[in-house]
Amino acid sequence: VKIYATYNIKGGVGKTTAAVNLAYLSAADGNRTLLWDLDPQGAASFLFRVKPRVKGGGKALIRGTRALDEAIKGTDFDNLDLLPADFTYRNLDLLLDDSALSSAKKGPAERLARLVRPLAAEYDALFLDCPPSISLLSENVLHAADILVVPLIPTTLSVRTLDQLTEFVAGFNGRRPRVLAFFSMVDRRKKLHQDITKSLSAERPGISPTVIPALSLIERMSVERAPVTAFAPRTQAAAAYRDLWSQLR
Amino acid sequence: MVSDPSALAVNNTAVEDTISEALGQAYTVTADSAAGRAAMGSGARRRTWLDTFDWRLYAAGLTLEHEQTRRGGRLILTDADAPLIDQPLAEQPVTAWQSGRGVIRLPDGPVADRIGSLISPRALLPVARAVSTRSVFRLLNTDGKTVARVLVDRTTTAGTELSPRVQVAEVRGYPAQARRAAAIIAAAVAPAAESLFVSAAVANGALPGGYSGKVDAAITADMPARLAVATLLSSLLDTLEQNVDGVLRDIDTEFLHDLRVAVRRTRSGLKLLGDVLPADLAARYKDEFKWLGDTTTPLRDLDVHLLGFGDLADGLLAATPDDLEPFRGFLVRQRAREFRRLAAHLRSARFRALTSDWRKALTELTEPGAGGGAGVGGRAGGRRGKTGARAGARAGARSGARSTAGSLATERTARAVLQLTRRGAAISAQSPAESLHDLRKRGKELRYLLEFFAPIYDRAAYRTVLSDLKKLQDCLGDFQDSQVQREEITALARQLLTGGVGGAAPADAGAAALAATLLALGEINARLAANQQQARADFGSRFTRFAAPATQRHIQTLLTQGTLPALPPQGDQ
């Protein structure tokens, strides 16, 4: 199984939209795909019309009293399943650090990686949609992932946080995820956006040439409650996500 | 994919409307998207149901289907009494499927894992072919989320349209919704009387469960003995004839095995019960059935060697399985030769005359208005038949012909038990191997008698006695099989060494390889000898148990219970 994580310290940068569309494209390619909505706000769950609720909450999942696969829901799309969000996920940090779990030899930062291991037999691709933060949860996600997919708003500041992230990941012992950033919510009418996307994607490695534009069609996803790549596959927005997916698979 | 419900009893053509209307009370019902339809196998599917010749899957409550769509082929194993909710027990994709050919080799995978040992060594045969088209509906909850799918299959086979079948496909994580939808459908449409598999099989002229290697003659205790024996022999002839085609097509080794058992049972029937038949019918067919039995023996022996080859090779200590490969190749070539020889016999005029004359003779006895025993013999058994009138009258005069099946069963079974116990008691540690072989034959005769008259015995008592007898027979079987195999291995080793019949020896194999093979065979020979010694050592205690009062009481119970008349008092037992 290949594990993808969409991550950014900041919220509202198109992280969930990316996770939902990339997971859909992965499934459409024939990969058995699971998307875990780790964000207690449950945006990804909402987009797939699944209630943001897990029996026993995050505690049962993290402690292993309830197997992950019992909580999984089938989406309306072939090959694509969802592990829904739950409001208790806001406490995942505490749960991951729970001393009751300290029997495990490895540190708390790798707990999530161990938790998803049993899913390897059932899925070809696993997408982790993280809440925006720097926390033990995000550290867990960084450790579990093979590829970090990082949406960036075209500002100089956001590129600095990418540098910080890349540096942090580079410090991992053993397995390190590949980092792929891309510019998201790009407004073509703004000159600053144009300048930054052009210059940075050219001069800095690890930034995708693909740009996800700020389009009202992408915002429509919350009305359609489906990936834009599914309900409007012949649009510029869908083409941009397909482009991005082609660099990830 | 076969599932019980639900042919709409009335108005079949509108099953979709009826279901949609019922489900509409609880869900938004919508036709599935193109992608969803494809995923659910919409469009035409070519289906082939498979089972062994003796319906092992059907008997085990399983249904195996091969399904071919534009997306590829797959094998699907389901519970025959599958609930309305579609849940295959196992499935596996199949590439390069050759459903057009008679025999199907099961490729490795989850389905093979599940049923491999159940069907071995039988092959899978196509039972029925059909084409199904499927329509798919999605059931949406108030969030517009698909929580279940409804699949309606319309199937055509052999030019007939079968009643439509409805299933619910569960969406992962929504099992309660699938159950709810199934309950709504079950209340709205009447279930089908039989599974789609059975309907399709019957439409194609096959009867699931219609063949078993067991004796299943329809006899009753108060039936005239002659009619009962003729009925029994007819049923054995049915079994024999049903297996000829499978032997000739070399589908699997069980066809020959079942054919041989039918011949052996026929021979035992003629020997033990033949005196109730008119004239010298039994005497005239005795030799022909011996010929038939003997002619099948070489091929069966080779089949047994080849079937047990893996176990033999795995049990080697000093030698390696590779050492036996030349021997296996040799067996395979021998088998090909023996197969051709047997096939020629089964296609011969002699064989055809045997079965058709025997059939004629039996039919005249079993069908009403055949005119009793007189005159039967002349038209039957044409090969060496004497004229029947006089002989028939003579047979009719015998007491056996006037008795009932019940009294015949009691008398002959009691006699067989007596013989077995007497001969067994006479065997000591010094007795020759022959005496054990002979005892095994007597045991087999008793077993066949029990099987012949099984329908008139009390079920429980019958099973108890059969299991008592089986313990003794297994021991005697081990003893004799080991001996026979040793003799055969010795003979085959000699043929292997000398180049055998028609230069069958591996000419390119060097002396070293040949020596390795012979050493491996020597090791096997030693193991067989050890098995045989063990069986011989076990015999005493096994027989004591069989002759013990408990077992004898079981037999008494069997022979006096149910519809049978009382067992006549036995003198010097």
Side-chain angles (χ1 to χ4, degrees), chain A residues 20 24-37 42-56 61 66-86 119 121-123 221-227 229-234 238, chain B residues 26-43 45 69-74 85-88 90-93 95 109-110 113 134 136-151 167-182:
Chain A
V20 164
Y24 170 81
L25 291 169
S26 161
D29 270 359
N31 301 307
R32 295 164 303 163
T33 304
L34 176 69
L35 169 59
W36 189 355
D37 184 0
S45 304
F46 176 84
L47 289 175
F48 283 114
R49 302 169 186 258
V50 174
K51 293 195 170 58
R53 205 180 303 134
V54 169
K55 246 185 222 164
L61 294 182
R66 192 176 148 84
L68 288 187
D69 68 340
E70 286 175 48
I72 292 171
K73 302 279 181 186
T75 69
D76 288 11
F77 305 102
D78 200 17
N79 286 330
L80 181 55
D81 291 343
L82 180 88
L83 191 50
D86 190 279
L119 297 172
E122 209 182 334
Y123 293 100
M221 277 175 61
S222 59
V223 179
E224 297 282 342
R225 297 184 75 175
T229 38
F231 73 79
R234 286 188 194 85
Chain B
Y27 301 99
T28 305
V29 183
T30 163
D32 207 351
S33 64
R37 281 200 306 276
M40 286 292 122
S42 156
R45 286 176 297 148
T69 66
R70 272 177 303 164
R71 286 155 68 100
R74 58 183 186 144
I85 298 167
D86 173 32
Q87 270 165 338
E91 47 181 297
Q92 68 185 61
T95 49
D113 291 347
R134 170 171 284 184
V136 183
F137 301 95
R138 286 194 294 157
L139 306 184
L140 311 181
N141 66 9
T142 49
D143 285 330
K145 171 82 180 75
T146 307
V147 290
R149 286 187 175 83
V150 177
L151 321 170
Q167 282 181 298
V168 176
E170 186 179 308
V171 173
R172 182 165 187 175
Y174 298 91
Q177 298 296 339
R179 285 196 297 272
R180 184 179 173 207

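Naming: A, B, ... by sequence-line order, numbering from 1 per chain. We use all heavy atoms of the structure for the numbers below, so side chains are in, but hydrogens, waters and symmetry mates are not. All figures in this text were calculated on a predicted structure; none of them were measured in a lab.
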May I ask you to decide if B:G173's main-chain N or O and A:K73's side chain share a donor-acceptor pair within less than 3.5 Å?
yes
Between CG on residue B:D143 and CZ on residue A:F48, distance to nearest 0.5 Å
14.5 Å
Considering only heavy atoms and a distance below 4.5 Å, find which of A:N79, A:V50, A:L82 pairs most often with chain B.
A:V50
Does A:R53 have more than 12 heavy atoms from other residues, nucleotides or ligands lying within 6.0 Å of its CZ?
no
Test side-chain contact (heavy atoms from CB on, under 4.5 Å) on A:D76 and B:R138; report intermediate values, then the result.
CA-CA 9 Å; A:D76 288 11; B:R138 286 194 294 157; 3.5 Å; yes
Measure the CZ-OG1 distance between B:R172 and A:T75 for me, rounded to the nearest 0.5 Å.
11.5 Å
